[in-house]
**Q** 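Below: one structure in structure tokens.
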Amino acid sequence: PSCNARIAAMTAATEIDDRYDPLAIEPALAQQWYDDRRWDLDDTTRGRERFYALTMFPYPSGDLHMGHAEIFSIHDALVRHLRMTGHRVLNPFGWDAFGLPAENAARKRGADPARWTLDNIEEQAASIRRLGYSFDWSTRLETCDPAYYRWTQWIFLELLRAGLVDRKDGLVNWCPGCETVLANEQVIDGRCERSDDVVERKPLTQWYFRITEYAQELIDDLESIDWPERVKTMQRNWIGRSEGAEITFPVAGPGQDEVVVYTTRPDTIFGATYFVFAPEHPLVAARMGDDEEFAAYVEEVSRRSDIERQSTMGEGRRDKRGLRLNFDMVNPFTGEQIPAFAADYVLMDYGTGAIMAVPVGDQRDFEFARAHDLDIRVIIHPTDDDGELLEPLDADTMSEAYVGPGVMVNSGDYDGLEWDEAKARIIDDVEDRGWGVGTVNYRLRDWLISRQRSWGAPIPMIHCDTCGPCPVPADQLPVQLPDDLDFQVNGSPLAMHPTWKHVDCPECGRAAVRDTDTMDTFVDSSWYFLRYLAPNDDTRAWPIDKANAWLPIDQYTGGVEHAILHLLYARFFVKALRDRGHLAVDEPFQALLNQGQVILDGAAMSKSRGNLVTPTEIVDEYGADTMRGTILFASAPEDDIDWADMSPSGMYKWLSRVWRLNVELGADEVEDAGSDADVAALRRAVHERIIAASSDYDNRKYNTALAKMMEITNAIMEADRAGVAGAPIREALDTVLLLLAPICPFITDVLWERRHGDSVHDQDWPVGDATLLVAETVDLVVQVNGKVRGEVTVAADADQAAVEAAAGADDNVARFLADGTVRRVIHVPGRLVNFVVA
RNA sequence: GCGAGCGUGGCGGAAUUGGCAGACGCGCUGGGUUUAGGUCCCAGUGGCCCCAACGGGCCGUGGGAGUUCAAGUCUCCCCGCUCGCACCA
């Protein structure tokens with residue numbers, strides 16, 4: 001059905017012709033698009049080349065905010081433009097629907113988390129339709145749907161079979177506000193990424209995904225994907241690869257005890273004058289026994305939060321407290337006994353939890369040595385970048401560690417070697433003598449996925465006293481959440497449920513209990529882009545052939561806040577699933593676009609700040625086309641938008657003008673008129689802008705593309721004043737509608753249909769006719785010594801002599817040429833001519 | 001401290017990659033039409049200066065130097081802002 005007929009039927013007003021009235025046309029058209037499943041990808045969809053366009057699915061915390069409006073407006077312009085340029089676009093949508101806010105709502109207001117979540121989803125879905133975003137609703141999914149999380153659980157079991165799931169003890173991050181453990185990635189500056197509470201350390205047994213197995217590949221494959229460099233850098237830093245050696249230090253005195261350290265600077269080993277253990281190191285506990293001072297120290301350390309432990313605030317940088325232990329270590333290279341300490345600047349979960357301390361070459365060791373009056377031994381003579389010797393170091397007067405290049409001294413056989421050469425030689429020698437091995441180390445930790453929460457996918461494991469942890473058999477999936485959880489209890493409602501966890505062991509049949517933790521919601525979002533390929537398939541998670549045909553995702557759009565968390569986890573999933581035979585691609589997201597934020601008066605918008613501007617209020621006043629246009633006209637997609645600087649009324653004014661020009665000048669029956677020159681000028685302006693705007697679209701510069709369209713409407717008004725009418729004007733108006741359709745889908749659809757009877761969204765992208773741009777004459781800027789002194793019009797094919805003659809004839813130019821002799825003339829055809837005069 | 005990015009009118013932002021700085025829009029000023037209008041149309045709008053006017057000159061892209069016939073764009077130094085990392089041995 002015609003959209004104009006539909007609008008007329010749905011609006012009581014009969015006359016909508018004269019005035020641009022988005023509030024009359026948009027809701028009717030949005031409803032029609034939804035009823036018609038207008039944007040579903042099916043056999044009737046035009047387009048040849050496959051393109052998987054994905055936008056990060058939202059969490060349904062309430063209605064859409066401006067950030068959503070920005071990301072979806074950018075994404076939809078991209079998608080609609082691709083469709084018009086012959087692509088077959090997969091453009092799915094869903095919700096990341098598990099998470100703590102639903103539980104908090106349940107606890108505070110007694111709401112059912114499922115109800116609360118689904119209500120919010122319906123609200124967001126209605127807003128998305130109202131804003132005209134062309135998502136394929138046949139793909140719709142929600143991660144809290146058992147039909148979805150059944151396969152989340154299946155993936156868990158697949159990873160288990162692949163040996164990529166661990167259950168292990170450890171000191172874990174505990175967020176007291178969320179009452180759950182967190183992954184390392186969810187701790188930002190010692191605080192919970194969600195609630196901002198200070199994170200505590202707790203010893204717990206938890207489930208982990210062994211993402212560290214893929215550390216090297218996760219670094220290497222960054223080379224092959226087209227992502228912003230800063231995001232790649234953030235991932236590289238997070239994974240934190242370093243090269244060095246593990247070296248064994250014997251404990252001095254009787255006994256066979258040995259301790260392995262990890263160091264990136266084995267070349268400095270002759271400067272290792274003491275030794276430090278993390279306070280939690282098992283050998284320390286064994287050796288110190290129930291020493292009271294030590295017990296007190298460990299107790300004090302454990303009370304410190306990570307914030308205190310890692311604080312970089314204040315003048316004295318880090319507090320270098322430590323405790324002298326009751327034994328010494330032996331430096332294997334010098335044979336010397338060196339004192340051993342426990343200090344919390346050494347972390348149990350990096351390297352081996354113990355270090356050789358080299359005060360001369362490591363700032364932390366230097367500070368500790370100064371604080372505890374320990375030996376600082378100079379083992380390196382600094383050199384500059386060219387290898388020239390600089391002033392030697394003086395242990396008594398130096399004020400900080402030296403970390404630059406140099407030549408080894410006081411280092412036995414290695415004296416005189418460059419530091420990097422010494423490093424290689426010492427690693428070789430360590431290996432030859434059986435004292436250690438050269439190694440690569442990563443900062444990345446395994447991904448802790450257990451959460452002591454109830455609105456999430458239950459971990460499909462059963463704990464049996466006899467058999468240990470057993471996987472839930474595949475035919476018993478999904479392990480479904482009970483629908484009668486009590487959210488007023490202390491602790492996890494799922495764990496406190498009276499009956500849910502009691503089951504028989506799948507191995508031996510005896511009474512056993514389910515694991516009552518749920519999976520981190522980042523597990524849900526690590527594979528949703530695969531489920532979109534067949535969201536209703538109840539026989540498998542996704543069809544492999546289809547996944548291989550559509551992946552990797554050609555364009556992923558979303559916020560930079562996921563630079564590490566979500567993007568790293570999803571990459572890991574794809575690699576692990578590939579190795580399990582479920583996929584044939586290495587990376588999920590070939591290209592990534594991080595759109596900027598929408599802020600207000602320089603500050604992030606938030607409910608608590610009370611500075612919220614919502615898409616709904618903009619749409620209610622100006623309509624969706626104006627809001628979308630305003631966002632895209634503001635700046636490039638990557639840049640932040642300060643809404644205080646924006647004026648939707650400007651965009652509204654221009655769209656009104658587009659409407660009016662179409663109504664007043666665009667009718668079929670208007671006869672052709674205007675001089676050849678004026679018609680040619682209009683057509684040249686139009687085709688020039690088609691070419692320019694097309695390239696802007698290709699580069700996702702929607703702001704300048706819109707500027708080109710505005711230039712066309714300016715040219716139309718000028719041509720109209722010059723007496724041009726009929727076909728040339730209609731061509732120009734059509735061009736604006738076609739170029740504008742991806743950004744403002746409502747107004748363009750209505751106006752196009754009136755003149756052509758079909759939908760603008762089914763048209764091919766316009767092609768600029770470059771031959772129309774060729775003019776007989778060109779205007780050249782005339783410079784004298786690089787300064788503009790005039791302008792001349794010459795034949796387009798004029799040679800240098802003709803150009804010089806014409807340029808020299810200009811009065812003002814002649815005035816400046818008279819000041820000296822022309823030494824050189826530079827002629828850039830079509831642009832300028834520059835006389836060099838001396 | 002380390003790494004990356006960015007500094008252009010009153011504002012958001014343009015500038016074929018070295019070739020007329022300020023496209024397009026907002027705002028502002030003046031004029032016109034209609035006038036109940038916050039509508040619509042036209043003109044102007046970086047700063048300083050010369051001219052009755054037409055015109056014209058000088059300066060100008062955070063600051064300073066350099067390369068070039070020509071620099072917002074390339075090179076070096078400095079200043080400022082934003083983001084990321086930061087006891088990772």
Side-chain angles (χ1 to χ4, degrees), chain A residues 19 189 228-234 236-238 240-242 244 261-266 268 272 276 278 309-312 317-320 343-347 349-358 361-365 367-368 400 403 441-445 560 563-564 629-630 633-636 638-651 653-654 656-657 660 691-692 695-696 701 703-711 713-714 717 721 779-791 811-812 815 823-828 830-838:
Chain A
R19 213 176 95 252
D189 290 334
E229 202 49 51
R230 67 173 177 145
V231 176
K232 292 193 194 182
T233 304
M234 284 165 74
R236 275 191 208 103
N237 288 345
W238 184 261
R241 182 184 203 274
S242 67
V261 301
Y262 173 73
T263 176
T264 57
R265 295 293 305 275
T268 63
V276 187
R309 240 178 116 155
Q310 298 182 5
S311 174
T312 60
R317 270 179 66 90
R318 295 162 183 99
D319 173 13
K320 287 291 178 292
D344 64 355
Y345 83 90
V346 172
L347 309 173
D349 61 2
Y350 183 79
T352 62
I355 62 156
M356 64 177 208
V358 183
D362 182 287
Q363 185 60 25
R364 298 152 297 177
D365 298 344
E367 288 168 19
F368 190 89
E400 59 183 17
V403 295
N441 209 346
Y442 301 93
R443 203 176 77 109
L444 183 68
R445 303 290 78 173
V560 73
I564 294 175
T630 303
F633 188 54
S635 63
E638 294 84 358
D639 296 339
D640 289 349
I641 295 175
D642 194 329
W643 195 258
D645 297 331
M646 294 303 113
S647 75
S649 64
M651 182 56 55
K653 224 167 85 175
W654 181 67
S656 301
R657 175 179 285 181
R660 204 169 45 247
I691 291 166
S695 134
D696 288 341
K701 299 193 69 177
N703 53 339
T704 49
L706 277 162
K708 304 300 187 301
M709 298 173 217
M710 292 171 179
E711 285 170 4
T713 55
N714 289 347
M717 293 199 293
R721 282 198 297 277
D779 296 333
L780 290 187
V781 167
V782 184
Q783 299 182 337
V784 178
N785 286 340
K787 286 192 189 297
V788 180
R789 298 303 180 189
E791 195 178 84
D811 285 349
N812 198 44
R815 217 157 52 86
R823 302 286 182 195
R824 248 177 102 186
V825 182
I826 286 128
H827 175 216
V828 183
R831 290 206 164 278
L832 58 74
V833 56
N834 185 15
F835 293 91
V836 184
V837 172

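Side chains included, hydrogens not; waters and symmetry mates left out as well; all remaining heavy atoms used. Just so it is clear: chains get the letters A, B, ... in the order the sequence lines come, proteins before strands, and each one is counted from 1.
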**Q** Any base atoms under 4.0 Å from A:Val836, or only sugar-phosphate, or nothing? Heavy atoms, all strands.
**A**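 The answer is sugar-phosphate, as A:Val836 gets under 4.0 Å only of primed atoms, P, OP1 or OP2.
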**Q** Hey, does A:Gly240 reach any base, or is it just sugar-phosphate, or nothing, if we go heavy atoms under 4.0 Å?
**A** nothing
**Q** Hey, does A:Lys232 reach any base, or is it just sugar-phosphate, or nothing, if we go heavy atoms under 4.0 Å?
**A** nothing
**Q** Across all strands shown, which nucleotide pairs with B:rA71 by Watson-Crick or G-U wobble geometry, both distances under 3.5 Å?
**A** none
**Q** Counting side-chain heavy atoms from C-beta on, which of B:rA23, B:rG25, B:rG19 comes nearest to A:Phe633?
**A** B:rG25
**Q** Phosphate oxygens OP1/OP2 of B:rA89: is one of them under 4.0 Å from a side-chain N or O of A:Tyr350?
**A** yes
**Q** What does B:rU17 pair with, Watson-Crick or G-U, if both distances are under 3.5 Å?
**A** none
**Q** Say we look at B:rG12 and B:rA70: how far apart would their C1' atoms be, to the nearest angstrom?
**A** 30 Å
**Q** Paired with B:rC28: which nucleotide, if any, by Watson-Crick or G-U wobble criteria at under 3.5 Å for both distances?
**A**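 Here B:rC28 is engaged in a pair, and the nucleotide opposite it is B:rG44.
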**Q** Can you check whether A:Arg443 has a side-chain N or O nearer than 4.0 Å to OP1 or OP2 of B:rA86?
**A** yes
**Q** Using the side-chain heavy atoms of A:Arg721, tell me which of these nucleotides is nearest: B:rA14, B:rC42, B:rG12.
**A**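 Of the candidates, B:rC42 comes closest.
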**Q** Is a salt bridge present between A:Asp362 and A:Arg265, judged by a nitrogen-to-oxygen distance below 4.0 Å?
**A**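 Not counted as a salt bridge, because no side-chain N and carboxylate O are separated by less than 4.0 Å.
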**Q** Select one nucleotide: of B:rG12, B:rA89, B:rC24, the one nearest the side-chain heavy atoms of A:Asn714.
**A** B:rC24
**Q** To the nearest angstrom, how far is A:Leu780 atom CG from B:rC20 atom C1'?
**A**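 Whole-Å distance recorded here is 11 Å.
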**Q** What does A:Met646 touch in the nucleic acid at a heavy-atom separation under 4.0 angstrom: a base, only the sugar-phosphate, or nothing?
**A**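 Sugar-phosphate contact only.
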**Q** For atom P, what is the distance between B:rG9 and B:rG22, given to the nearest Å?
**A**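 Comparing P positions in B:rG9 and B:rG22 gives a spacing of 14 Å.
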**Q** Nearest to the A:Arg660 side chain among B:rC20, B:rC40, B:rA89, which nucleotide is it?
**A**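 The listed nucleotide nearest to A:Arg660's side chain is B:rC40.
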**Q** Over all strands shown, is A:Arg230 touching base, sugar-phosphate only, or nothing at heavy-atom distances under 4.0 angstrom?
**A**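 Here A:Arg230 touches the backbone only, sparing every base.
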**Q** With the side chain of A:Ala636 defined as its heavy atoms from C-beta on, choose the nearest nucleotide among B:rA89, B:rA14, B:rC11.
**A** B:rA14
**Q** Could you give the CE-to-P distance, from A:Met234 to B:rC85, as a whole number of Å?
**A**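 About 5 Å, once rounded to whole Å.
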**Q** How is A:Glu229 classified with respect to the nucleic acid when contacts are heavy atoms under 4.0 Å: base, sugar-phosphate, or nothing?
**A**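 Contact class for A:Glu229: none.
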**Q** Starting the side chain at C-beta, find the nucleotide from B:rC69, B:rA23, B:rA89 nearest to A:Ala707.
**A** B:rA23
**Q** Is A:Arg789 touching bases, backbone alone, or none of the nucleic acid, heavy atoms closer than 4.0 Å?
**A** sugar-phosphate
**Q** Tell me whether A:Lys701 is salt-bridged to A:Glu638, with the criterion being a basic N under 4.0 Å from an acidic carboxylate O.
**A** no
**Q** Give the nucleotide from the list B:rA89, B:rG12, B:rC42 with an atom nearest to the side chain of A:Leu347.
**A**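 Selected nucleotide: B:rA89.
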**Q** Does B:rC76 have a Watson-Crick or wobble partner in any strand here, with both distances under 3.5 angstrom, and which is it?
**A**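 Per the H-bond distance test, B:rG64.
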**Q** Any N or O donor-acceptor pair under 3.5 Å from the base of B:rC69 to the side chain of A:Asn834?
**A** yes
**Q** Is there a donor-acceptor pair closer than 3.5 Å between any side-chain N or O of A:Asn441 and the backbone N or O of A:Ser242?
**A**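 A pair under 3.5 Å: no.
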**Q** For A:Arg823, answer base if it contacts any base atom (sugar-phosphate contacts may also be present), sugar-phosphate if it contacts only those atoms, and nothing otherwise; contact means non-hydrogen atoms under 4.0 Å.
**A**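 Since no nucleic acid heavy atom lies under 4.0 Å of A:Arg823, the category is nothing.
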**Q** Taking the same atom, C1', in B:rU17 and in B:rC85, what whole-Å distance lies between them?
**A**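 Pairwise C1' distance, B:rU17 against B:rC85, rounds to 32 Å.
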**Q** Name the nucleic acid region contacted by A:Thr263, choosing base, sugar-phosphate or nothing; use a 4.0 angstrom heavy-atom cut-off, strictly under.
**A**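 Since only primed, P, OP1 and OP2 atoms lie under 4.0 Å of A:Thr263, the category is sugar-phosphate.
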**Q** On the nucleotide B:rC26, are OP1 or OP2 found under 4.0 Å from the side-chain N or O atoms that A:Lys653 carries?
**A** yes
**Q** Applying the Watson-Crick and G-U wobble criteria at under 3.5 Å, what pairs with B:rC81? Answer none if nothing qualifies.
**A** B:rG5
**Q** With C1' as the reference atom in both, quote the distance from B:rG62 to B:rG37 in angstrom, rounded to an integer.
**A** 45 Å
**Q** Give a yes or no on whether a donor-acceptor pair under 3.5 Å exists between the nucleobase atoms of B:rU16, that is its base, and the side chain of A:Arg831.
**A**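 Check passes, donor-acceptor contact within cut-off.
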**Q** Of the listed nucleotides (B:rG19, B:rG13, B:rG57), which one gets closest to any side-chain atom of A:Arg815?
**A**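 Shortest atom-to-atom distance from the side chain points to B:rG57.
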**Q** Please pick, from B:rG19, B:rG12, B:rC24, the nucleotide with the shortest atom-to-atom distance to any side-chain atom of A:Leu832.
**A**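 Output: B:rG19.
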**Q** Can you see if the side chain of A:Lys787 gets near the phosphate of B:rG56 - specifically, an N or O under 4.0 Å from OP1 or OP2?
**A** no
**Q** A:Asn812 near the nucleic acid: base, sugar-phosphate alone, or nothing, with a heavy-atom cut-off under 4.0 Å?
**A** sugar-phosphate
**Q** Could you work out which one of B:rA89, B:rC20, B:rC87 sits closest to the side chain of A:Val781?
**A** B:rC20
**Q** Has A:Asn237 got a side-chain N or O lying under 4.0 Å from the OP1 or OP2 atom of B:rC2?
**A**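 It does not, given that no N or O in the side chain of A:Asn237 lies less than 4.0 Å from OP1 or OP2 of B:rC2.
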**Q** A:Asp811 CG to B:rC54 C1': how many Å, rounded?
**A** 13 Å
